[in-house]
Amino acid sequence: LNWVSKNKYYKGGELIKYQSYTGFDQRTVIIGGHKKNPIEITGYLQLPKGDSKVPIVIWTHSSGGPGIYLWNDFTYHAHQKLLEEGIGVMFIDNFCPRGAKDTWRDQSKVPLINGAIDGILALKLLKSHPRSNGKFGTTGHSRGGTNSLYMADVKFTSLFLDGTEGFDAILPEAAECHSAGLFANPELTTNTKLLYVHGGADDYTLAKPCEEHVKRIKAKPGQVEIDIKKGWYHEWHMGKKPFRVKGAMTTGKCPDFFIDEKPNSLITCSSNHAIKVINATAKITPGIAYPEIDKVDNKFRVLFFETRFP
């Protein structure tokens, strides 16, 4: 984010370093294994001019990496509009501190859950910022949208925050839902309003599994809204005709994966949609950090590590 802060359109903000953690999936977080892997994360906070207290939106990026904060036209204009409306914006870099520039060719470089860990700890940090008015939102596209869905669930946020409240507003876009290790029985944080947006023609991350997941979210009437845009593809932000991305890793044909279920298996999916399931009987001990599993063989890369609780 150093170079984002030096860009003429983004100058005037504050680079903030804070402690986060690296975990393998939500189950690692539930048992506290991520705490054995601390890491320093960088955020870039821009606030409206003046000294008044303001709401703040925390933005997590897609698998394209933090570069999208500059090259994505929608992100730039949305960020400018939020500042004009008196709302602060904090961009987070989930990749570079973990040794990755992007993950779109290989999603296992940085496990999905880490963007959500960084995001929720940024919320915890900014609650005490002198210009925060105590109101927070979060958004992100694709992998960033999945981060937003993780952070919408009280079963996740309560591991980091006291009580049942989280973000006041959440806008996930074009998330990966069916194989991301989300909770099978999701429950919205009590103070949150959530708008979920996905392109109906998206063939990179699929709209139907996300629509089904969001409909399962336990929430009060009026807290959740779903907007599936007919004919929209994955990168509707780019302002150009749809095009095919060669070599991108997708998981549309991978098995469903939700962490409330406890089968003993390693589920893998390659970039050409080949699927391989390997039996695993390892047990997890609370408080122990487990090394990230990299390759099962030369053709398959592990995306998710499921184990039965002892």
If you count every heavy atom of other residues, nucleotides or ligands that lies below 6.0 Å from K193 atom NZ, does the total exceed 12?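 Result for NZ/K193: open.
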Heavy-atom pair of closest approach, residues [X] and [Y]:
X: L149; Y: V214; result: CD2-CG2, 4.3 Å
X: T205; Y: S142; result: CG2-OG, 4.3 Å
X: Q223; Y: T192; result: NE2-O, 2.8 Å
X: V224; Y: A219; result: CG2-CB, 3.9 Å

Answer with yes or no whether the hydrophobic clustering places [X] together with [Y]; edges join I, L, V, M, F, W, Y residues whose side-chain heavy atoms lie under 4.5 Å apart.
X: L45; Y: I120; answer: yes
X: F167; Y: L161; answer: yes
X: L83; Y: Y10; answer: no

Would you say the side-chain atoms of [X] pair up with the backbone N or O of [Y], donor to acceptor, closer than 3.5 Å?
X: N114; Y: G23; result: yes
X: E211; Y: I226; result: no
X: D25; Y: T28; result: yes
X: Y196; Y: A175; result: yes
X: Y21; Y: V29; result: no

Which residue pairs satisfy the side-chain hydrogen bond (donor to acceptor under 3.5 Å, both in side chains) criterion with at least one member in [range], sequence neighbours excluded?
range: residues 160-169; answer: T164-T190, D168-N191
range: residues 68-80; answer: Q46-H79, N72-T75, D73-H77
range: residues 123-141; answer: H141-E173

Is a donor from one side chain sitting under 3.5 angstrom from an acceptor on the other, for S20 and D118?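 D118 and S20 do have a side-chain donor-acceptor pair below 3.5 Å.
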I'd like to know whether D202 forms a side chain to side chain contact (heavy atoms under 4.5 Å, CB included) with W232, so could you lay out the CA-CA distance, the side-chain angles of the two residues, the decisive distance to 0.1 Å, and finally the verdict. CA-CA 7 Å; D202 192 338; W232 286 21; over 6 Å; no
When the aromatic ring centroids of F95 and H61 are compared, is their separation below 6.0 Å?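 Yes - the distance between ring centres of F95 and H61 falls below the 6.0 Å cut-off.
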Please list all pairs passing the disulfide (SG to SG under 2.5 Å) test where one or both residues lie in residues 165-203, with sequence neighbours left out.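 Non-adjacent pairs meeting disulfide (SG to SG under 2.5 Å): C177-C210.
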Within residues 102-139 or reaching into it, pairs that qualify as disulfide (SG to SG under 2.5 Å) - sequence neighbours excluded: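 Passing the test, one end in residues 102-139: no pairs.
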Run the salt bridge (Lys or Arg N to Asp or Glu O under 4.0 Å) test against K81 and tell me which residues pass, sequence neighbours left out.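 For K81, the residues satisfying salt bridge (Lys or Arg N to Asp or Glu O under 4.0 Å) (neighbours in sequence not counted) are E85.
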Quick check: do L112 and R143 have side-chain heavy atoms less than 4.5 Å from each other?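 Counting from C-beta outward, L112 and R143 do come under 4.5 Å.
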Assess the residue pair K155 and D153 against the criterion (salt bridge (Lys or Arg N to Asp or Glu O under 4.0 Å)); give the C-alpha distance rounded to whole Å, side-chain angles, the decisive distance to 0.1 Å, and a yes or no. CA-CA 5 Å; K155 291 189 287 296; D153 201 308; 3.4 Å; yes
